[in-house]
Amino acid sequence: MKKKNSIDHTLNHLFRQESGKMVSVLIKIFGTENIEMAEDVVQDALVKALETWKYRGMPDNPRAWLYRTAKNKAIDIIRRNKHSRVIDFSDPQKQLLTSGYTLTTTMNNYWQEEHIKDDFLGMMYACCHPDISQENQITFILKSLCGFSTKEVAKSFLTSEDTISKRLYRTKEFFRKHKIKPKIPASEQISLRTHTVLSAIYLMFNEGYNSTHNDQLIRKDLISQAMSLCKSLLSVKRTQLPEVYALMALMCFHTARINSRLTEKGELILITKQDRSKWDKEFINSGQKYLNKAAFGEGLTTYHLEAAIAYEHCNAKEYKDTDWNKILEYYKLLLKIGNDPIVFLNQCLVILELKGPKEALIALKNVENNTMLKKYYVYHATLGEIQQRLGHNTKAIEHYQKSVQLTQSKPEKQFLKDKIAHILN
C-alpha cells in the first residue's frame, strides 16, 4: 500500500508539473487541429507509468521515463499517419518526421529542454488568440496545459462543470478549424495576450492558495507551478512587462504567509491570529523587489494594486498595525478599474475592520442581488461575521451554515462549524 501511495503521489505531481509541457510539445508535432490526440498520448503515458511502476518499481528519473514514453508513442502515431491527411506534414521540419532516416533525430530535437519551455509558452499564447473569448482562453489553459480538473476550473469561475466542458469543446473546435500555430506573439499583440496568460496563472495560484480539494487547503505544487510560469515569462525579454512583475510580487507576498495559515492539525488560522514570525522574509523581500521592478510604464493594473494590498499586510508588524485606510484606497482604485463583485466583497471586509459591522452591512447591500456572489461561500461567511458582530446570532448561524454548504474544503468547513459552535456555547 505504501508503494502504491508513493507511485500515485509521484504521478499526480508529474501530471501537474509536466502534462502541460508534454501536451504543448505534442501539439507542436501534431498541430492544434489534433489537440485531443496530444492529450491522449499524455494520458496513455501516465496509465502505462502506473501499470509498469506498480510491478517494476519507479525508475530513477520518473520525468524522463514519462517523456520517453510519450515520445515513443508519438513516433508510433507518426509512422501510422505519415501517408494520411490526419497530420499536416507540410512544414519543412515536420517533413523530416516522415522519413525513417530522420524521424528519431527530429523527434528527439522536439523534446530538448529549451524547446519544451518555448513550446509551452507558445501554446499558452496560442490559447489567448483574440477570436477566443477570455473565459474560454483561461478555461483551456487551466484544463489542458496546467493539469486542472474540470471541477477545479468550475470553482475558479464560480460556474458549473457542464459549462466548463462546453467551453473546452468550443475552444478545441476553434483550434481544429483555424490550425493556430503555437508561438510567442509579435510585440504589438503581446501586452493584451499576456494579460490573459497572467489571469490563468493567477487563477492557478489561487487554487493552490485556497484549494477545492477536500483534504487540504493549501497545495504547494500549484503555487510553485504558478510562480514558475510567471518566472518563465520574466525570463523572456519580450514578456518582461510591468504587470508580470506585479503579479510575481503579489504571489511572493501571499506565499510568504503560507506556513502560518494552518495549525499542525490542518485547522485554518485567520490573519488576525497568525504567527507573523513564521512569515517568510525572503519571499517578502523578493516581493518588494518585483514590485519595484513593476513601477515602470504608465499603466496601473489590478496586479499592482493587489500586490500593494498584500504588501501592507506583510509590512504590518502586528495585525493592529495594519494600515486599513491605505488598503481601502487601493480597493477603491481596483473598483475603478473593474466593477468586480468579489473585489467589492473584499472591500466590505476592510470596511468591517475600519468602520465596524453597521457600515459593512450597509456597503454589502449594494451587491445583495448578485446571484453569483450568493453562490460564493465567502459572501455568506462575511455576512455571518457581520451579523455576529452586530449580535444577531441567529442570522449569523444561518449564513455560516450556508457557507459550510458552499465550500468543499474540509478546513474551511471545520472553521465555520467552530464559529457556529462558539455562538451556540
Side-chain angles (χ1 to χ4, degrees), residues 155-158 198-199 202-212 217-218 243 246-247 249-258 261 268-274 287 291 300-316 319 321-389 399-400 402-403 406-407 409 412 415-416 419:
K155 191 252 187 179
S156 297
F157 281 100
L158 302 179
L198 292 181
S199 297
Y202 192 29
L203 282 172
M204 185 194 315
F205 179 86
N206 283 335
E207 174 61 25
Y209 193 76
N210 194 42
S211 177
T212 56
L217 183 72
I218 297 169
E243 62 180 324
L247 177 57
L250 173 59
M251 292 191 293
C252 283
F253 291 138
H254 283 327
T255 303
R257 306 202 302 264
I258 281 176
R261 291 185 65 220
L268 182 63
I269 305 173
L270 291 183
I271 193 172
T272 54
K273 297 181 179 179
Q274 288 176 11
L291 193 54
L300 182 66
T301 68
T302 57
Y303 299 121
H304 286 86
L305 292 168
E306 288 187 40
I309 291 168
Y311 169 73
E312 289 300 326
H313 286 298
C314 288
N315 192 46
Y319 185 75
D321 300 323
T322 306
D323 191 337
W324 293 110
N325 283 300
K326 190 176 288 186
I327 290 175
L328 184 60
E329 290 304 312
Y330 289 142
Y331 273 115
K332 288 178 180 178
L333 289 172
L334 276 171
L335 288 170
K336 285 183 179 179
I337 292 176
N339 191 23
D340 188 329
I342 295 178
V343 172
F344 189 87
L345 178 59
N346 289 334
Q347 181 183 254
C348 290
L349 289 168
V350 177
I351 293 172
L352 177 63
E353 294 297 328
L354 192 60
K355 301 180 180 180
K358 288 184 180 179
E359 291 294 324
L361 188 59
I362 291 171
L364 204 55
K365 286 185 177 180
N366 289 318
V367 291
E368 64 183 356
N369 294 322
N370 187 293
T371 55
M372 182 183 74
L373 274 183
K374 286 184 178 180
K375 298 177 183 179
Y376 189 40
Y377 73 95
V378 176
Y379 170 76
H380 292 282
T382 301
L383 271 172
E385 180 67 26
I386 291 171
Q387 295 292 0
Q388 185 178 353
R389 293 196 192 187
H399 285 294
Y400 286 143
K402 184 65 175 177
S403 187
L406 291 172
T407 181
S409 167
E412 287 173 344
F415 175 80
L416 292 161
K419 290 182 79 71

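These numbers were taken from a predicted model, which means no experiment stands behind them.
- Here the shortest heavy-atom pairing between Ala360 and Cys348 reads CB-O, 3.7 Å.
- If you take CD1 on Ile327 and CG on Leu349, they are separated by 11.5 Å, rounding to the nearest 0.5 Å.
- The cationic group of Arg261 lies under 6.0 Å from the six-membered ring centre of Tyr209 and within 45° of the ring axis, placing it in a cation-pi geometry.
- Contact annotation: the side chain of Glu385 approaches that of Gln388 to within less than 4.5 Å [non-hydrogen atoms, C-beta and beyond].
- Taking each heavy atom of Ala249 and Ala307 in turn, the nearest pair found is CB-CB, 4.3 Å.
- Among residues two or more places apart in sequence or in another chain, the salt bridge (charged side-chain N to carboxylate O under 4.0 Å, His left out) test is passed with Glu368 by none.
- At distances below 3.5 Å, at least one donor-acceptor pair connects side-chain atoms of Gln274 with backbone N or O atoms of Ile269.
- Annotation: side chain of Phe253 is not in contact with side chain of Ile309 (no heavy-atom distance under 4.5 Å).
- Residues passing the side chain to side chain contact (heavy atoms under 4.5 Å, CB included) test with Ile337, sequence neighbours excluded: Thr302, Leu305.
- Remark: the Glu306 side chain and the Tyr330 side chain contain no N/O donor-acceptor pair separated by less than 3.5 Å.
- Going from atom CG of Leu268 over to atom CD1 of Ile218 covers 8.5 Å, rounded to the nearest 0.5 Å.
- Annotation for Leu352 and Pro357: closest pair CD1-CA, 3.5 Å, computed over non-hydrogen atoms.
- A pairwise comparison of heavy atoms in Ser409 and Thr407 identifies N-OG1, 3.2 Å as the closest pair.
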side-chain contact (heavy atoms from CB on, under 4.5 Å) between Leu328 and Lys332, intermediate numbers included:
CA-CA 6 Å; Leu328 184 60; Lys332 288 178 180 178; 4.1 Å; yes

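- To the nearest 0.5 angstrom, Glu207 atom CD is 9.5 Å from Leu203 atom CG.
- Here the CE-OH distance, from Met372 to Tyr379, works out to 12.0 Å after rounding to the nearest 0.5 Å.
- Annotation: the span from Thr301 atom OG1 to Leu334 atom CG amounts to 9.0 Å, rounded to 0.5 Å.
- A donor-acceptor contact shorter than 3.5 Å links the side chain of His380 to the backbone of Lys374.
- Interatomic distance, Glu359 CD to Ile386 CD1, rounded to the nearest 0.5 Å: 11.0 Å.
- Shortest non-hydrogen contact noted between Asp340 and Leu335 is O-CD2, 3.7 Å.
- Under the side chain to side chain contact (heavy atoms under 4.5 Å, CB included) criterion, Val378 pairs with Leu345, Tyr376, Thr382, not counting sequence neighbours.
- Side-chain contact, Tyr400 with Gln387: no donor N or O sits under 3.5 Å from an acceptor N or O.
- What you find for Glu412 and Leu217 is that their closest heavy atoms are OE2-CD1, 3.6 Å.
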Inset, instruction - Apply side-chain contact (heavy atoms from CB on, under 4.5 Å) to Glu353 and Tyr319, showing your working. - result: CA-CA 11 Å; Glu353 294 297 328; Tyr319 185 75; 3.1 Å; yes

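- Not a single donor-acceptor pair under 3.5 Å links the side chain of His313 to the backbone N or O of Ala310.
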- request: Show your reasoning for whether side-chain contact (heavy atoms from CB on, under 4.5 Å) applies to Tyr202 and Leu250.
  value: CA-CA 9 Å; Tyr202 192 29; Leu250 173 59; 3.3 Å; yes

